[in-house]
Amino acid sequence: MIEVTALPGVRLARRFRPWNPRWAAVAAQPDRLPDNLHEEVRRLVGSGWVEELMVRSDRPEIIKTVVETARASGRRVRMVSSAPLADFPGVQDGERWLVEEDTQSASWVLMPPQRARWQLAIKRLIDLAAATALLVVLFPLLLITGIAVKLTSQGPALYRWRVLGENGRPFVGFKFRTMVRDADILKADLLHLNERSGPVFKIMRDPRVTPLGRWLRKHSVDELPQLWSVLAGDMSLVGPRPVFPSEYQNFELWQMRKLSVKPGLTCTWQVDGRQLVPDFSDWARLDLKYIDTWSLRNDLVILLRTPMAVIKGTGH
């Protein structure tokens, strides 16, 4: 039996919900090789919260394909196999094989390149300190903006932003509402006007946007409530943008790696002129470049450049 399993929230699943269908999507085939295992794994990763791919097979072609797809999407691979480590694919820069044993069996885990814990700790401290300070300093602006949104159009002041974060983990963020009520329902009638190539949807002059909402978007004021998501740990100040589940499932496998890290409020795409990047693949490449060359210094540079991008009003 060939079995490829995507484990969403694998650490949480082990601790509280062992092998619960809510936390595991299984694609099992008889001994024959699936017609397109690469596409099958892409669909599994694109299904949502997937931190790890587990393989139960001794066949080299199966192991090789799953390792390649996991590398492309930035996910871990767990091998439950009787094959020796020498039969597994060799490691690339930053990768390492770890052996994990339990009472029933042993498995090998291929860990993708990871950031040092002390660097992540400093990044988190910067997020907490900056988000807290900004929420306090900007509270009058947040209050006035919320009241203005409520008074100028029907609907709530805040929009519940249901998106995917690190490794596809779903979370609910908040933005100031910039569109008319039921804008998500109206989206289906506007898909033919999409000005972005790829799975994302964007219109320069979206008819659903309110007059106030257009100004809020231009200067990214609508994004300020996401500082709460930074405090909650769902987002960081700097990182690739979260994505909608409906868009993520249509990503190419290599594009999914943009969610191999915690998403952020701002990133290279925002400060380098977001309106000048109409092709989603180019946007994804900027995100991957940020991931592959990440450092605390680069984060600070992006943070220092963001206010100027906001003042110029490059959003829409």
Checklist line | With sequence neighbours excluded, residues passing side-chain contact (heavy atoms from CB on, under 4.5 Å) with K150 | finding: none

Note to self: Starting from M179 and following side-chain heavy-atom contacts under 4.5 Å between hydrophobic residues (I, L, V, M, F, W, Y), which residues can be reached?
What the structure shows: V209

Next item on the list: Please examine the side chains of P263 and R241, heavy atoms only from C-beta on, and report whether any two atoms are closer than 4.5 Å.
Entry: no

Margin query: Show every side-chain hydrogen bond (donor to acceptor under 3.5 Å, both in side chains) that has at least one partner inside residues 84-93, sequence neighbours left out.
Written below: none

Item checked: Side chain N250, main chain S246, donor-acceptor under 3.5 Å -> yes

Item checked: With D282 via salt bridge (Lys or Arg N to Asp or Glu O under 4.0 Å) - residues at least two apart -> R285

Notebook entry, point to check: Do R75 and E51 sit within salt-bridge range, that is, some charged N less than 4.0 Å from a carboxylate O?
Noted result: no

Notebook entry, point to check: Is there a side-chain contact between S107 and M79 (heavy atoms, below 4.5 Å)?
Noted result: no

Note to self: Looking at every non-hydrogen atom in both residues, tell me the closest pair between E247 and K187 and how far apart they are.
What the structure shows: OE2-NZ, 4.2 Å

Notebook entry, point to check: If you look at every heavy atom in L237 and D127, which pair is closest and at what distance?
Noted result: N-OD1, 3.1 Å

Note to self: Between K262 (side chain only) and G233 (backbone N and O only), is there a donor and an acceptor less than 3.5 Å apart?
What the structure shows: yes

Check: Minimum heavy-atom separation for A70 to L53, with atom names?
Finding: CB-CD1, 3.9 Å

Next item on the list: Scan for salt bridge (Lys or Arg N to Asp or Glu O under 4.0 Å) pairs involving residues 155-175, sequence neighbours excluded, and state none if there are none.
Entry: R169-D234, K175-E223

Check: Which residues, ordered by chain and number, are linked to F139 in its hydrophobic cluster, where ILVMFWY side chains connect at heavy-atom gaps below 4.5 Å, directly or through other members?
Finding: L143, I147, L151

Next item on the list: Consider only side-chain N and O atoms of D222 and T178, and report whether a donor and an acceptor are under 3.5 Å apart.
Entry: no

Next item on the list: Compute whether any side-chain donor of one residue and acceptor of the other, for R177 and S153, lie under 3.5 angstrom apart.
Entry: yes

Note to self: Quick check: closest heavy atoms across P240 and C267, and the distance to 0.1 Å?
What the structure shows: N-SG, 4.0 Å

Checklist line | Pairs where residues 300-309 contributes a residue and the test salt bridge (Lys or Arg N to Asp or Glu O under 4.0 Å) is met, not counting sequence neighbours | finding: D272-R305

Check: Can you check whether P113 reaches E95 side chain to side chain, under 4.5 Å on heavy atoms?
Finding: yes

Item checked: Heavy-atom closest pair, residues A131 and V230 -> CB-CG1, 3.9 Å

Check: Got a donor-acceptor contact below 3.5 angstrom from the E195 side chain to the M204 backbone?
Finding: yes

Item checked: Closest approach of S229 to G173 (non-hydrogen atoms, all atoms of both residues) -> OG-CA, 3.6 Å

Margin query: Strictly by ring pair (Phe, Tyr, Trp, His ring centres under 6.0 Å), give each pair with a member in residues 183-216 just once, sequence neighbours left out.
Written below: W215-H219

Margin query: For a quick check under 3.5 Å, do Q226 and W228 share a side-chain donor-acceptor pair by atom type?
Written below: no

Next item on the list: Look at the side chain of E68 and the backbone N and O of T65, then say whether any donor-acceptor pair between them is shorter than 3.5 Å.
Entry: no

Item checked: Partners passing side-chain contact (heavy atoms from CB on, under 4.5 Å) against L224 (at least two apart in sequence or in another chain) -> L138, L141, L142, V221

Item checked: Set of residues satisfying side-chain contact (heavy atoms from CB on, under 4.5 Å) with respect to A188, sequence neighbours excluded -> none

Item checked: Side chain proximity check, T69 to V45, heavy atoms < 4.5 angstrom -> no

Notebook entry, point to check: Going by atom types only, do Q270 and T306 share a side-chain donor-acceptor pair under 3.5 Å?
Noted result: no

Note to self: Could you check whether E39 pairs with R42 (Lys NZ or Arg NE/NH1/NH2 to Asp/Glu carboxylate O, under 4.0 Å)?
What the structure shows: yes

Note to self: Going by side-chain contact (heavy atoms from CB on, under 4.5 Å), name the residues that satisfy it together with L85, two or more places apart in sequence or in a different chain.
What the structure shows: F88, W97, W108

Check: Between H38 and L253, is any pair of side-chain heavy atoms under 4.5 Å apart?
Finding: yes

Under 3.5 Å, side-chain donor or acceptor atoms of residues 287-297 against the rest of the protein: list the pairs with distances, not counting sequence neighbours.
unit_1: D287; atom_1: OD2; unit_2: K258; atom_2: NZ; d: 3.0
unit_1: D287; atom_1: OD2; unit_2: W283; atom_2: NE1; d: 3.4
unit_1: Y290; atom_1: OH; unit_2: V238; atom_2: O; d: 3.4
unit_1: Y290; atom_1: OH; unit_2: W294; atom_2: NE1; d: 3.3
unit_1: Y290; atom_1: OH; unit_2: D299; atom_2: OD1; d: 2.8
unit_1: D292; atom_1: OD1; unit_2: R257; atom_2: NH1; d: 2.8
unit_1: D292; atom_1: OD2; unit_2: R257; atom_2: NH2; d: 3.2
unit_1: T293; atom_1: OG1; unit_2: K289; atom_2: O; d: 2.6
unit_1: W294; atom_1: NE1; unit_2: D299; atom_2: OD1; d: 3.2
unit_1: W294; atom_1: NE1; unit_2: D299; atom_2: OD2; d: 3.1
unit_1: S295; atom_1: OG; unit_2: N298; atom_2: N; d: 3.1
unit_1: S295; atom_1: OG; unit_2: N298; atom_2: ND2; d: 3.4

Margin query: Has R208 got a side-chain atom pairing as donor or acceptor with A183's backbone, closer than 3.5 angstrom?
Written below: yes

